[in-house]
There are 2 protein chains.
Amino acid sequence: MPQPSAPRKTLGRPPRISREAIIETARRIVTEAGVDRLTMRRLATEIGSTPMALYHHVRDKEELLVLLLDDYATRTLRRPEIPVDPRERIVVAATTIHQALAACPWIVEVLTADDLMSTSALWFVEQIVDGLVECGLSPDRAVHGYRAIWYYTAGEIVVRATAARRRAHDDRATYREQVFADLDPNELPRLAQVADRWAPLTAQDTYLDGLRALVDGLLTSR
Amino acid sequence: MPQPSAPRKTLGRPPRISREAIIETARRIVTEAGVDRLTMRRLATEIGSTPMALYHHVRDKEELLVLLLDDYATRTLRRPEIPVDPRERIVVAATTIHQALAACPWIVEVLTADDLMSTSALWFVEQIVDGLVECGLSPDRAVHGYRAIWYYTAGEIVVRATAARRRAHDDRATYREQVFADLDPNELPRLAQVADRWAPLTAQDTYLDGLRALVDGLLTSR
DNA sequence: GAGCGTTTTTATACACGTAAGAAAAGTTAG
DNA sequence: CTAACTTTTCTTACGTGTATAAAAACGCTC
């Protein structure tokens, strides 16, 4: 790891590559060829270096992906107009983040970070926590509320993205259909009732509905 | 893939290993040595075979993990006493699943399945959907409600488990602390206000609170 | 300029998941 | 018995992330 504030001007061998250059090249590879094609070797050759040289600027591939996510967030997250109604403010902030993340599905492997801690995302966290406080929650409960919203949001994206990946990869969907076709209406009547509609129902985008329900519930709990 | 209903008695070379034996051995390895130590090579040698032989019984490692999760669910998920109040029924069903999954954190990589479709888990899905319907939701909205609950539940587990893994792996937590220490109280007042309490606050287990809020919100939405 | 300390880069190597195809071990038809 | 056919297993090989240690490139001091 390079020290941001070195005591001397330059000490030791001068670097030929930088963290910024790595992220930049990685971003180009991802946008041009997809995240699957982003390998440490390819990244190294495209940047004109060797694979192991990257590891002096990045701890491992996962950190590189986190950095890419941060970069993406900083680059595309634009602060929307914020409504005065605090409840709507929460919804807008969460929806904006969700929208941005859902638009780049390759982040799934990184999204399991326990928070979005990109500096550019913090503003959205602030909006959510502040909205919850303004609606009467204590600061502590507001943080918990934000966490619940984050769990819901991250879960939605991860689950949806993984399902899409599996669907593209093979036909395991067939297995699920089989399970639903073989349901015993006596044991699981409700599921049998909706069995044939399950696929289209779960394909619908109901993020906003669930989010509103969650926010409503968080605000009415005393 | 072995055909469950072969036309003839046995045709072709008789198998030396079976899917069940693979799962059994894999389970033993995971419980004894952890999921990290479960490699196709080790599994093969411990079962007395070769890595590629496994691939005639299992599509890939991910499917093996899904099968392991199914096996785990079937083995440990016990149906709890179900309250008569439908709202409580939903909460109990979701909490039971959450508890079981949270107890075996290695599933994180699999948990991104878009549903828990283990047969033994379907009963819990039924309880949730049925509870929502009994509270007045249409079947379609009940399915959406179940999905919201699943997003929240899966998100909570994935986020928490990943955070724990990172914490054990290295000191990226320090980075987060740094972010919170450097907060500008003018720009992000609420976050600055709770900055020093953020770590303990987010460490608390508030799954049940969030779940109740979500269920309440789902049921009061018309 | 020779050695030294520091930092970055490179070379080599290992374990992993798994693709591709050859080999093996049965049953059945002639 | 032999040959064809089927299913499972084994051999070999590739690309991956990355650990380890050696090498290289700089400023510094004597």
Side-chain angles (χ1 to χ4, degrees), chain A residues 1-22 25-26 29-30 33-68 106 109-110 165-166 169-170 172, chain B residues 1-22 25-26 29-30 33-68 106 109-110 165-166 169-170 172:
Chain A
M1 292 308 111
Q3 291 289 18
S5 62
R8 236 80 61 89
K9 204 56 167 302
T10 61
L11 186 54
R13 176 171 179 168
R16 302 172 55 89
I17 59 182
S18 68
R19 197 184 251 238
E20 290 71 31
I22 291 175
T25 311
I29 294 177
V30 167
V35 72
D36 298 341
R37 305 290 184 186
L38 177 65
T39 71
M40 300 303 272
R41 288 174 219 268
R42 172 165 181 174
L43 180 54
T45 55
E46 293 218 5
I47 215 176
S49 184
T50 60
M52 292 312 292
L54 305 173
Y55 284 82
H56 257 91
H57 305 267
V58 150
R59 187 193 310 266
D60 51 18
K61 195 181 179 184
E62 180 173 324
E63 181 177 279
L64 172 64
L65 290 174
V66 172
L67 291 172
L68 267 183
W106 56 267
E109 4 222 325
V110 199
R165 182 157 53 91
R166 292 225 177 115
H169 187 59
D170 56 42
R172 237 177 299 233
Chain B
M1 295 304 112
Q3 290 288 18
S5 62
R8 237 79 60 90
K9 205 52 167 304
T10 61
L11 186 56
R13 176 171 178 167
R16 303 171 57 90
I17 59 181
S18 68
R19 197 183 249 237
E20 291 72 32
I22 290 175
T25 311
I29 294 177
V30 167
V35 72
D36 298 340
R37 305 289 184 184
L38 177 64
T39 71
M40 299 303 273
R41 289 172 216 268
R42 172 164 181 175
L43 180 54
T45 55
E46 293 217 8
I47 215 176
S49 184
T50 59
M52 291 312 291
L54 305 173
Y55 285 83
H56 256 89
H57 305 267
V58 150
R59 187 194 310 264
D60 51 19
K61 194 180 180 184
E62 180 173 324
E63 180 177 279
L64 172 63
L65 290 173
V66 172
L67 290 172
L68 267 183
W106 55 268
E109 6 224 325
V110 199
R165 181 157 52 91
R166 291 227 177 111
H169 188 59
D170 55 43
R172 237 176 299 232

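Letters A, B, ... are given to chains in the order of the sequence lines, protein chains preceding strands, and every chain is numbered from 1. None of these values were measured; they are calculated from a predicted model.
- Rounding to whole angstrom units, CD of residue A:E63 and C1' of D:dG17 are separated by 15 Å.
- Within the structure, a side-chain polar atom (N or O) of B:S49 is placed less than 4.0 Å from OP1 or OP2 of D:dC10.
- With C:dG17, C:dT8, C:dT10 as the candidates, the nucleotide lying closest to the side chain of A:P15 is C:dT8.
- Look at CZ on A:R16: it is 19 Å from P on D:dA23, rounded to the nearest Å.
- Nearest-nucleotide positions on DNA chain C for B:R42 and B:P14 put B:R42 closer to the 5' end.
- Between C:dT9, D:dT18, D:dT9, one nucleotide has an atom nearer to the side chain of A:T50 than all others, and that is C:dT9.
- If you take CG of B:L54 and C1' of C:dA19, they are 15 Å apart, rounded to a whole angstrom.
- Atom CE of B:M52 and atom C1' of D:dT12 are 11 Å apart (whole Å).
- Using a 4.5 Å cut-off on side-chain heavy atoms (C-beta onward), B:L64 and B:L54 make no contact.
- For B:Y55 and D:dT11, the OH to C1' distance is 15 Å, given to the nearest whole Å.
- Atom CZ of A:R37 is separated from atom CG of A:L43 by 15.5 Å, given to the nearest 0.5 angstrom.
- Side-chain N/O atoms of B:R41 and base N/O atoms of C:dG17 include a donor-acceptor pair closer than 3.5 Å.
- With rounding to whole Å, B:I47 atom CD1 is found 13 Å from D:dT9 atom C1'.
- By the 4.5 Å heavy-atom criterion applied to side chains, B:L68 and B:V35 are not counted as neighbours.
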Item checked: Check against side-chain contact (heavy atoms from CB on, under 4.5 Å), A:T39 and A:I29 -> CA-CA 9 Å; A:T39 71; A:I29 294 177; over 6 Å; no
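- At whole-Å resolution of the value, NE2 in A:H56 and C1' in D:dA24 are 13 Å apart.
- B:R19 contributes a side-chain N or O that, together with a main-chain N or O of B:H57, makes up a donor-acceptor pair within less than 3.5 Å.
- For DNA chain C, the neighbouring residues in residues 33-40 of chain B, judged by any heavy atom under 4.0 Å, are B:L38, B:T39, B:M40.
- Summarising the geometry, the separation between CG on A:L43 and C1' on D:dT18 is reported as 14 Å, rounded to the nearest angstrom.
- By the 4.5 Å heavy-atom criterion applied to side chains, A:R16 and A:R13 are counted as neighbours.
- Minimum interatomic distance between B:P51 and B:A44 (heavy atoms only, all atoms of both residues): N-CB, 3.3 Å.
- For B:R13, the listed nucleotide lying nearest its side chain is D:dT8; candidates were D:dG17, D:dT8, C:dA11.
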